[in-house]
A.B. asks: 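Quick one: this structure, given as structure tokens, is what I'll be asking you about.
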There are 2 protein chains.
Amino acid sequence: MKRRNTATKEAVLSVLQSSGKAMSQGAIEKKIGIDINRATIYRVLNRYCDDGVLHRIVADDGRQYFAVCIKCDEHLKPLHHFHFRCEKCETIECLPEPVHFSLSNDYVVKRVNCVITGICKDCAKS
Amino acid sequence: MKRRNTATKEAVLSVLQSSGKAMSQGAIEKKIGIDINRATIYRVLNRYCDDGVLHRIVADDGRQYFAVCIKCDEHLKPLHHFHFRCEKCETIECLPEPVHFSLSNDYVVKRVNCVITGICKDCAKS
DNA sequence: TGTATTATTGCAATATTGTCGCAATAAATA
DNA sequence: TATTTATTGCGACAATATTGCAATAATACA
Ligand SMILES: [Mn+2]
Ligand SMILES: [Mn+2]
Ligand SMILES: [Zn+2]
Ligand SMILES: [Zn+2]
């Protein structure tokens with residue numbers, strides 16, 4: 001299944017890159033400017049996740065958020081990191097904080113989803 | 001808002017206590033034997049959460065799971081602990097592993113939701 | 001350049017999860 | 001027993017996300 005370049009794909013990625021945060025489909029649709037169907041945005045996001053371009057966070061509001069993946073070897077963000085969801089400004093940021101846990105090797109770990117919810121440092125000031 | 005004792009409430013709590021795991025509304029409804037309305041189960045669960053009897057986990061399948069709270073001063077389980085969701089047996093267990101993270105004090109932390117997803121040790125054997 | 005292949009898209013329908021309003025029921029209290 | 005009101009069942013509703021299908025368009029190739 002070879003990928004094709006489309007304006008839609010690039011617009012979605014561009015929104016996520018410039019925001020620097022994790023965004024929901026709805027937030028992306030608002031920011032993106034051009035008119036793209038909801039289902040299409042979801043399909044674009046899911047394909048980016050499959051390809052390792054984006055990663056998916058499920059917050060405790062039950063919604064999916066998507067953020068650009070930072071490669072591990074760039075030593076900027078570890079593979080499994082915490083996320084912070086601000087209830088005021090409705091954003092999710094990838095924290096540089098790595099997730100550490102020890103688990104008996106009987107377990108097979110496939111995904112790690114860690115979200116801290118509260119008020120972010122910007123919103124806490126005001 | 002004084003609570004009243006009902007068969008429904010006790011049945012829901014009993015299912016969760018005997019399972020020893022975190023369960024979704026659907027899983028509870030299947031196990032509970034008696035016929036209880038879906039909305040009622042949710043209301044019972046939400047009230048138990050408000051009262052500190054249960055705690056809520058949102059897994060990366062986007063669903064809410066509920067588990068009996070273990071008091072912190074019993075030194076059995078810490079306040080914020082990891083959870084493991086098994087994709088095979090569809091259960092979530094509260095891990096004894098505490099969640100550690102450091103965050104600048106500018107942030108206000110309200111909730112912590114950490115779920116590791118994969119195959120649990122029981123299912124990994126077979 | 002023109003054509004064939006098929007990945008991508010828009011649209012509508014669908015599935016799933018969870019909440020809410022309202023009237024009926026029943027637990028607690030006197 | 002009578003009163004108060006927390007709880008319940010039911011249906012409707014909201015929100016998120018996915019899927020089938022036909023139309024469109026990106027890519028490869030003659
Ligand atoms: Mn992240
Ligand atoms: Mn738990
Ligand atoms: Zn904020
Ligand atoms: Zn299992």
A.B. asks: Between atom OH in B/Y42 and atom P in D/dT7, what is the gap in whole Å?
C.D. replies: 19 Å

A.B. asks: Do you know which two heavy atoms are closest between B/R85 and B/Y65, and how far apart they sit?
C.D. replies: CD-OH, 4.2 Å

A.B. asks: Is it possible for you to say whether A/I57 and A/V53 belong to one hydrophobic cluster, with membership spreading through side-chain heavy-atom contacts below 4.5 Å?
C.D. replies: no

A.B. asks: Heavy-atom nearest nucleotide on DNA chain D for B/I41 versus B/K2: which residue maps closer to 5'?
C.D. replies: B/K2

A.B. asks: Is the closest side-chain donor-acceptor distance between A/K110 and B/T117 under 3.5 Å?
C.D. replies: no

A.B. asks: I need the CZ-P distance between A/R63 and D/dT16, as an integer number of Å.
C.D. replies: 5 Å

A.B. asks: Less than 4.0 angstrom between a side-chain N/O of B/S24 and OP1 or OP2 of C/dT17, yes or no?
C.D. replies: no

A.B. asks: Whole angstrom is fine here: how far is it from CG in A/N37 over to P in D/dA22?
C.D. replies: 17 Å

A.B. asks: Nearest-Å distance, CD1 (A/I32) to P (C/dG10)?
C.D. replies: 10 Å

A.B. asks: Nearest-Å distance, CD1 (B/I36) to C1' (C/dT25)?
C.D. replies: 15 Å

A.B. asks: Of the options D/dT8, D/dA25, C/dA28, whose atoms approach the side-chain atoms of B/R4 most closely?
C.D. replies: C/dA28

A.B. asks: Counting any heavy atom closer than 4.0 Å, what does B/Q25 reach on the DNA or RNA strands: base, sugar-phosphate only, or nothing?
C.D. replies: nothing

A.B. asks: How many Å lie between CZ on B/R3 and P on C/dA28, as a whole number?
C.D. replies: 13 Å

A.B. asks: Does B/T6 put a side-chain nitrogen or oxygen below 4.0 Å from OP1 or OP2 of C/dA27?
C.D. replies: no

A.B. asks: Could you check whether any side-chain heavy atom of A/H81 comes within less than 4.5 Å of a side-chain heavy atom of A/H55, counting everything from C-beta outward?
C.D. replies: yes

A.B. asks: On a plain distance test, is the side chain of A/R43 in donor-acceptor contact with the base of C/dG10 below 3.5 Å?
C.D. replies: yes

A.B. asks: Under 4.0 Å between a side-chain N or O of A/T8 and OP1 or OP2 of C/dT9?
C.D. replies: yes

A.B. asks: To the nearest Å, give me how far apart CG (B/N5) and C1' (D/dA6) are.
C.D. replies: 11 Å

A.B. asks: Are OP1 or OP2 of D/dT8 and a side-chain N or O of B/R47 less than 4.0 angstrom apart?
C.D. replies: yes

A.B. asks: Is it true that B/R111 and A/E87 make a salt bridge, defined as a side-chain N closer than 4.0 Å to a carboxylate O?
C.D. replies: yes

A.B. asks: Considering only heavy atoms and no angle criterion, is a donor-acceptor pair shorter than 3.5 Å present between the side chain of B/R38 and the base of C/dG18?
C.D. replies: yes

A.B. asks: Over how many whole Å does the gap from A/L45 atom CG to C/dT9 atom P extend?
C.D. replies: 11 Å

